[in-house]
Amino acid sequence: MTGFAVALVLVVAAVGLLRWRRPAWYWLTFGVTLAVVRVLVRYGSVMDACGLTVPPPRWRLALARVTNRPIPESRSPRILRLRPTRTGLVLRLKLRPGQDAFDVAAASDRLRHSFSMYGVISRELRSGVVEVRMTGYDVLKRVQMPNEKETRPMRVPVALRQDGSVHYRDYRAIPHALTLGATESGKSVYQRNLVAGLAPMDVALVGIDCKQGVELFPLARRFSALADDPDTAAEVLDALVKRMKRIYQVIRAQQRITADVPDAEIAADIWDLPNHLRPVPVVVLVDEVAELALYANKEEEKRRDRIITDLVRLAQLGRAAGIYLEICGQRFGSELGKGITMLRAQLTGRTAHRVNDETSANMAFGDIAPDAVLAAIQIPAETRGLAIAGDSSGGWHRIRAPHTSLRQAVNICNRHADRTPELPELAPFRPTLPGPDATPVPLAKASSATT
């Protein structure tokens, strides 16, 4: 008996240590089984305590009175499926008549405490069916991306959501996006994950980094064009606008709108074109948008107006031509001058890392998801990389990108350097990579494209 007790104590201690140091391993070994048992045993009482039950129908009450039987109890939502995942549980519920998906969403915090889970999020799948995703531990504390991820053209896995699912940057669904964050908030790591995810794809990358290229120049082997100052950025954007107009002419010539052509074959953007005619999509990454909008004299003001006008035109018209914007900055408010709010209105995707004030959070979510503003300003300084991601639908999620060092991102870009397309409009801006003994040179127009 003494040996059994010692063994039991050792097992309990090992489980406790595993839960503390390796919560993911604990969940896969012990936590998932205990959580399933806990949910099934407590389900009825928890639903009743959280106000998620409805009284029995009148015909059952009448039948009970006629047959002199006990009055039926209130009914909870019916469990359609209970599925364990690597980070938690997914509970699919069939709502009873009179219940609403908002009732389940409002009770999410009470369900989290009642089932002893780390987090609970609900969403409506269809009329009368709600999916409740429960996480067993803090998946954002130590981000571990799943090995198997959905792969589609122009869809990049960049972060992990608080419910354990993968957060994708889907350019065909959300063409343009804005990323805000203070210094040392993790914005650069998020951008590295984005570039590393795009590197293996058939896409052209265009970078605008007015900090002398210190963020994007190490990744230059995978970029078709790079600009490290506002003057070069203005020329790159002009070239992109010319490319956009040329692609629209190709689409117009290939629309095939005769009466005998099915609707599905009528071309309206580059993805409707045949493969041999489809131009390479372009993703434009702007590292610090404020540097493009600031000016000190009349000449710089003209250049600034030219840059903002081109960005607005690309945001409004670039999607069909396969040109997508990824704009980053610390602030993005009206104090940057005319045209900025017009540009921001075209950026559907919004991601906010830690910000220094509530006004910056309002710049990202005030016009699309006011509830996300409070979540954005509550991000602690020590959790670098934690961010709030939302879009114009009003939905938002807490996300965190896995830490990717600059060396890792450089290795990925170098490995896929052969995928870098040569675009005629952007050939003068192809980054020139000096040799190991050469002195640094600016990323101005290069005389010839090099690898």
Side-chain angles (χ1 to χ4, degrees), residues 177-196 198-199 205-240 283-297 299-301 303-304 306-308 310-311 314 325-333 335-337 340 343-344 347 351-356 360 363-364 384-385 387 401 403-410 412-413 426 428-434 438-446:
L178 170 65
T179 303
L180 294 180
T183 304
E184 297 295 320
S185 64
K187 189 168 75 272
S188 297
V189 175
Y190 178 86
Q191 191 179 61
R192 286 177 206 159
N193 279 276
L194 196 58
V195 174
L198 289 169
L205 300 179
V206 175
I208 298 178
D209 181 6
C210 292
K211 294 186 295 186
Q212 297 298 311
V214 296
E215 291 286 349
L216 297 181
F217 184 74
L219 315 174
R221 294 187 184 277
R222 187 55 184 86
F223 276 78
S224 298
L226 269 176
D228 66 346
D229 60 77
D231 291 326
T232 310
E235 297 180 18
V236 169
L237 292 174
D238 285 342
L240 287 172
V283 175
V284 183
L285 296 104
V286 180
D287 184 66
E288 183 53 68
V289 69
E291 290 298 320
L292 301 178
L294 298 176
Y295 61 91
N297 51 52
E299 193 65 28
E300 292 183 359
E301 184 180 7
R303 181 196 64 203
R304 178 252 178 222
R306 173 182 161 196
I307 289 174
I308 298 302
D310 285 343
L311 284 174
L314 291 173
L325 299 181
E326 196 74 37
I327 296 181
C328 302
Q330 296 184 33
R331 286 179 65 87
F332 199 75
E335 69 272 9
L336 295 180
I340 286 296
L343 174 60
R344 186 177 62 190
L347 306 177
T351 302
H353 294 74
R354 178 181 55 81
V355 292
N356 292 327
S360 298
M363 294 174 188
R384 295 180 56 185
H403 179 71
T404 300
S405 66
L406 185 57
R407 169 50 58 190
Q408 291 173 322
V410 168
I412 293 175
C413 289
L426 300 176
F429 310 100
R430 186 75 178 263
T432 302
L433 302 179
T439 57
V441 296
L443 295 177
K445 283 188 176 182

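Side chains included, hydrogens not; waters and symmetry mates left out as well; all remaining heavy atoms used. Numbering of residues begins at 1 and proceeds along the displayed sequence.
If you take CZ on F223 and CG on L285, they are separated by 5.0 Å, rounding to the nearest 0.5 Å. Atom-to-atom distance recorded for L347:CG and I327:CD1 is 5.0 Å, nearest 0.5 angstrom. Of the inter-residue distances, the one linking K211 atom NZ with D287 atom CG reads 4.5 Å to the nearest 0.5 angstrom. Atom CD of E288 is separated from atom CG of L294 by 8.5 Å, given to the nearest 0.5 angstrom. Annotation: the span from E326 atom CD to L198 atom CG amounts to 8.5 Å, rounded to 0.5 Å. D310 CG to L240 CG: the interatomic distance, rounded to the nearest 0.5 Å, is 8.5 Å.
Annotation for C210 and E291: closest pair CB-CB, 3.7 Å, computed over non-hydrogen atoms. When all heavy atoms are compared, the tightest approach of V410 to P218 is CG2-O, 3.5 Å. The two residues V195 and C413 come nearest to each other via the heavy atoms CG1-SG, 3.7 Å. The shortest heavy-atom contact between S224 and R430 is O-CD, 3.3 Å. Across all non-hydrogen atoms, the minimal contact from L180 to S360 is CD1-O, 3.6 Å. Of all non-hydrogen atoms in I307 and A234, the two that sit nearest each other are CG1-CB, 3.7 Å.
Counting only distance, with no hydrogens or angles, the side chain of R304 and the backbone of E299 share no donor-acceptor pair below 3.5 Å. Of the possible donor and acceptor atoms, one in the side chain of D209 sits under 3.5 Å from a partner among the backbone N and O of L216. Side-chain N or O atoms of R192 include none that pairs as donor or acceptor with a backbone N or O of A409 at under 3.5 Å.
In this structure, the ring pair (Phe, Tyr, Trp, His ring centres under 6.0 Å) partners of Y190, at least two apart in sequence or on a different chain, are H353. Judged as a side chain to side chain donor-acceptor pair (under 3.5 Å), and not counting sequence neighbours, E301 has no contacts. When the salt bridge (charged side-chain N to carboxylate O under 4.0 Å, His left out) test is applied to R344, no partner is found at least two apart in sequence or on another chain.
Between V206 and F429 the shortest side-chain heavy-atom distance does not fall below 4.5 Å. Between E184 and R354 there is a side-chain heavy-atom pair separated by less than 4.5 Å. Looking only at side-chain heavy atoms (C-beta outward), Q330 and K187 come within less than 4.5 Å of each other. A 4.5 Å side-chain heavy-atom check between R306 and D238 finds at least one atom pair inside the cut-off. Annotation: side chain of L205 is not in contact with side chain of L219 (no heavy-atom distance under 4.5 Å).
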> side-chain contact (heavy atoms from CB on, under 4.5 Å) between T404 and I412: does it pass, once the steps are laid out?
Replying inline: CA-CA 11 Å; T404 300; I412 293 175; 5.5 Å; no

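For the side-chain contact (heavy atoms from CB on, under 4.5 Å) test with I208, the passing option among L226, D228, L237 is L237; the others fail. C328 pairs with exactly one of T179, V289, L194, V286 by the side-chain contact (heavy atoms from CB on, under 4.5 Å) rule, that one being T179.
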